[in-house]
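For ligands, and for the atoms within them, numbers begin at 1 and follow the listed sequence.
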Amino acid sequence: MPDALNRQPIAEELLDTLVYRLGADYVLTEASDMLPYVQEQRRLYPGHALAVVMPACTADVAYIVKQCRHHGVALVPQGGNTGLVGGGVPHQSIVVALGRMNRIRDIDPTNATITVEAGCILQAVQDAAHDAGRLFPLSLAAEGSCQIGGNLATNAGGINVLRYGNARDLVLGLEVVLADGRVMNGLTALRKDNTGYDLKHLFIGSEGTLGIITAAVLKLYPMPRGKATALVGCDSPHQVLALYDQLRSRLSDTLTAFEFLPRFAMDAVLSHVHGTRAPFNQSFASYALIELTTPDADLDLNPRLEAALADAFENNIVCDAIIATSSKQSQELWRLREGVAEAQIAEGASIKHDISVPVSRIADFIEAASAACLSILPACRICAFGHVGDGNLHFNVSQPVDMEANDFMDLTPRFNRAVHDLVADMNGSISAEHGIGLAKRTELRRYQDPVALALMEGIKTALDPQGLFNPGKLL
Ligand SMILES: Cc1cc2nc3c(=O)[nH]c(=O)nc-3n(C[C@H](O)[C@H](O)[C@H](O)COP(=O)(O)OP(=O)(O)OC[C@H]3O[C@@H](n4cnc5c(N)ncnc54)[C@H](O)[C@@H]3O)c2cc1C
């Protein structure tokens, strides 16, 4: 009997229990009500939910898990549903939507920590930290709708990783509901704690397959008091990498972001993104967007950046540079970087790769992967952009102007193989930011070390023996 038919009657009985606990308003079963939870933004992975349940507290989550376990029904934790790999899409399971669990439980500026529930929107956490005179540095374009639970479950990256690390690096403690309904209370706010295995790291990046994160203690930092932003034009990715190397040594931790754009991306942004204008009188093969920040209000970063760029100019690494003289100009420069995703949509279909290699190999990678893609389809347009300072590129390939989108997308396996084989050759990762979800399960099996894969499977079995947490994702 198909799985779906097998589970449906059990779910009916379960639903009554859940309605009794949560109230009918917080158990959705109508298809139209559930629609926002069963598909992600790009609608690449249509799903189906038995119900969407909205717990108000950790005890509710534990209750839901115990009931589902009793009935053998699978669960998919969901945050803001901004994930890009289909990880939060349900298939014949119950969605546990954590949005109601959005309290800031505690903020301790002296300890530089904030304790938040998993359903807090990332921006709300940033705002709460700001109100206490501190910085919570995780920042990504989806910050107005993604939730902390989702950020931790995907180990999100974003634009400040170079200085502050990924989501994983920003966590001190976690509260997690396990597959048997027990609650692991690991909400410590300690910077030193060597009491055995550091279990929180199992759940960070586990994409909802090992437990439901219900709260976290996060690290805060001093508020930046000074900032400098520059856009630089270079002749090649190799020049951009040489510039990164120089700036990193010279400017140390003040270098907060170092982002890369190729000419194709810049031209597409200028053509399609409203309100942007050409930064230079001429165009360049490669661009770097650079940001420095400091918590020291007396440190003027603009002259430091100017001096570093002048030396790079002397050394023939940089062709031209603009240093923002106002926060408005800084925002305009960032708009050029942030507009790439929108501009790429306007250029038609694209095949995307979210990869990382050691920073020192990034220019070689761009060169080799571009050549490999052009040999598959000479008219394709390479749009490799992103967080070069983290060794992370969105190595995207846009369709030729005169080709049918579907014909182009049919070539996805060939492009994936070419790009990911090169990633593997350089000891890189086929998923630097967005995770595995549904999108990259096959690729994970192909490229992950077999021993590591077996360990992952063992951990999954140990923590979720019935396989009820987010089945069919990641592994
Ligand atoms: C415009 C845009 C820009 C983006 N930019 C970036 C970027 O720069 N860097 C980056 O890393 N990502 C980026 N993303 C991807 C996405 O925003 C991140 O993966 C984000 O961390 C997902 O959070 P979410 O709350 O939306 O999670 P969801 O999409 O709801 O879920 C993602 C995964 O986490 C699991 N999950 C969710 N909540 C929990 C929980 N409480 N406990 C356990 N598991 C849970 C889900 O089951 C799913 O597998 C971007 C997305 C968009 C749309």
Taken in chain and number order and not counting sequence neighbours, the residues that satisfy side-chain hydrogen bond (donor to acceptor under 3.5 Å, both in side chains) with N166 are none
Those residues at least two apart in sequence (or on a different chain) that pass side-chain hydrogen bond (donor to acceptor under 3.5 Å, both in side chains) with D180 are R182
Going by the angle between their ring planes, with limits at 30° and 60°, are H420 and H353 parallel, tilted or perpendicular? perpendicular
- Message: Is there a side-chain hydrogen bond (donor to acceptor under 3.5 Å, both in side chains) between S350 and K352? Walk through the geometry before answering.
- Response: CA-CA 6 Å; S350 66; K352 300 184 192 317; 2.8 Å; yes
Closest non-hydrogen atoms of I148 and L218, given as atom of the first, atom of the second and distance, are CD1-CD1, 3.9 Å
Sorted by chain and residue number, the residues with a non-hydrogen atom under 4.0 Å of ligand 1 are Q41, P77, Q78, G79, G80, N81, T82, G83, L84, G87, G88, L98, A118, L140, A141, A142, C146, Q147, G149, G150, N151, A153, T154, A156, G157, G158, E207, G208, G211, I212, I213, E433, H434, N470
Residue set satisfying salt bridge (Lys or Arg N to Asp or Glu O under 4.0 Å) with R21, at least two apart, ordered chain then number -> D60
